[in-house]
Amino acid sequence: MVAAGTLHAMAVEMTVGSLVLATVAAVLRTLMVLSPSLSRRLGDRVAGGLDGASLYGAILGLVFIPATIITGILAAGDGNSLTSNKMLISGLCAGLWLGFLHGRITLGPGLWANRPLAILQGAIAILAFLVTMTLSSIGGDIARGETVADLIPIFPDFAASPEVGMVGSILMLILGVAALCVVLFVQPKVRRLPDE
């Protein structure tokens with residue numbers, strides 16, 4: 001039988017790899033919006049490829065986030081403050097990536113023709129990626145007692161954070177998902193922007 005830790009490592013690699021692809025593609029696409037000369041040099045074909053890579057990378061990463069959370073809980077065994085904090089930050093991570101995806105799907109590829117929206121989309125991708133890397137750092141701390149984030153002096157100490165417990169974490173995750181569903185399905189629909 002395959003250990004939960006092995007399954008978790010596989011799920012993490014799929015999640016992080018997909019989200020790195022989404023982030024790099026979104027940042028490059030944003031840079032094309034900010035730099036007309038770069039946009040002319042790379043052309044519409046590359047722009048479309050970067051848009052697709054950011055979209056499908058985010059979708060694939062979101063598909064694997066629940067598997068990563070579940071296998072991580074199973075691999076961690078007894079819960080502690082790091083596990084609880086990781087669960088809470090996982091909700092933030094999923095919410096940011098869902099926001100990224102919602103903006104792109106709702107507004108369409110014409111999003112990239114609107115400079116402020118393109119900058120916002122790139123900023124959401126970067127913020128979501130930073131949260132993803134924070135989660136990976138906490139996982140490294142749980143698994144090995146060390147992380148690359150130890151090299152960053154301003155990185156917060158999540159082990160010293162107040163513990164809300166596993167039940168509290170799950171309830172907060174459910175509340176966050178419910179709030180997200182209300183925002184997605186209750187708010188007035190945004191009109192799709194025309195393609196570039």
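- Two residues are said to be in side-chain contact when any heavy atoms from C-beta on lie closer than 4.5 Å; Thr106 and Leu111 fail this criterion.
- Heavy-atom minimum distance, Thr30 versus Ala118: OG1-O, 3.4 Å.
- Within the structure, no pair that satisfies the salt bridge (charged side-chain N to carboxylate O under 4.0 Å, His left out) test touches residues 113-136, not counting sequence neighbours.
- Between the CG atom in Leu55 and the CD1 atom in Ile105 there is a gap of 5.5 Å [rounded to 0.5 Å].
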Please tabulate, for the side chains in residues 58-71, all donor-acceptor contacts under 3.5 angstrom to protein atoms that are two or more places apart in sequence or on a different chain.
| unit_1 | atom_1 | unit_2 | atom_2 | d |
| --- | --- | --- | --- | --- |
| Thr68 | OG1 | Ala11 | O | 3.3 |
| Thr68 | OG1 | Thr15 | OG1 | 2.8 |
| Thr68 | OG1 | Phe64 | O | 2.8 |
| Thr71 | OG1 | His8 | ND1 | 3.1 |
| Thr71 | OG1 | Ala67 | O | 2.7 |
| Thr71 | OG1 | Thr68 | O | 3.3 |

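- Leu28 meets the side chain to side chain contact (heavy atoms under 4.5 Å, CB included) test with Val24, Leu31, Leu50; sequence neighbours excluded.
- Sorted by first then second residue, the salt bridge (charged side-chain N to carboxylate O under 4.0 Å, His left out) pairs that include residues 11-28, not counting sequence neighbours, number zero.
- Under a hydrophobic-cluster definition in which Ile, Leu, Val, Met, Phe, Trp and Tyr are linked whenever side-chain heavy atoms come within less than 4.5 Å, directly or via other members, Leu21 and Val27 are assigned to different clusters.
- Of all the heavy atoms in Leu19 and Gly57, the pair that sits closest is CD2-O, 4.1 Å.
- The same ILVMFWY cluster, assembled from side-chain heavy atoms under 4.5 Å apart, contains both Leu120 and Trp97.
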Table please: side-chain donor-acceptor pairs of residues 34-43 below 3.5 Å, with sequence neighbours left out.
| unit_1 | atom_1 | unit_2 | atom_2 | d |
| --- | --- | --- | --- | --- |
| Ser35 | OG | Ser37 | OG | 3.3 |
| Ser35 | OG | Leu38 | N | 3.2 |

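- The two residues Ala26 and Ser54 come nearest to each other via the heavy atoms N-CB, 3.8 Å.
- Sorted by first then second residue, the salt bridge (charged side-chain N to carboxylate O under 4.0 Å, His left out) pairs that include residues 52-63, not counting sequence neighbours, number zero.
- Put simply, the side chain of Gln121 gets close to the backbone of Phe100: a donor and an acceptor are under 3.5 Å apart.
- For the side-chain hydrogen bond (donor to acceptor under 3.5 Å, both in side chains) condition, no pair includes a residue of residues 18-27, sequence neighbours left out.
- Taking 4.5 Å as the limit, every side-chain heavy atom of Ile119 sits out of range of all side-chain heavy atoms of Val33.
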Practice task
Evaluate the side-chain contact (heavy atoms from CB on, under 4.5 Å) criterion for residues Met32 and Trp112: first the C-alpha distance (whole Å), next the side-chain angles of each, then the deciding distance (0.1 Å), finally the verdict.
Solution key: CA-CA 9 Å; Met32 287 181 71; Trp112 300 110; over 6 Å; no

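- Residue pairs meeting the salt bridge (charged side-chain N to carboxylate O under 4.0 Å, His left out) criterion with at least one partner in residues 46-74, sequence neighbours excluded, are Asp51-Arg104.
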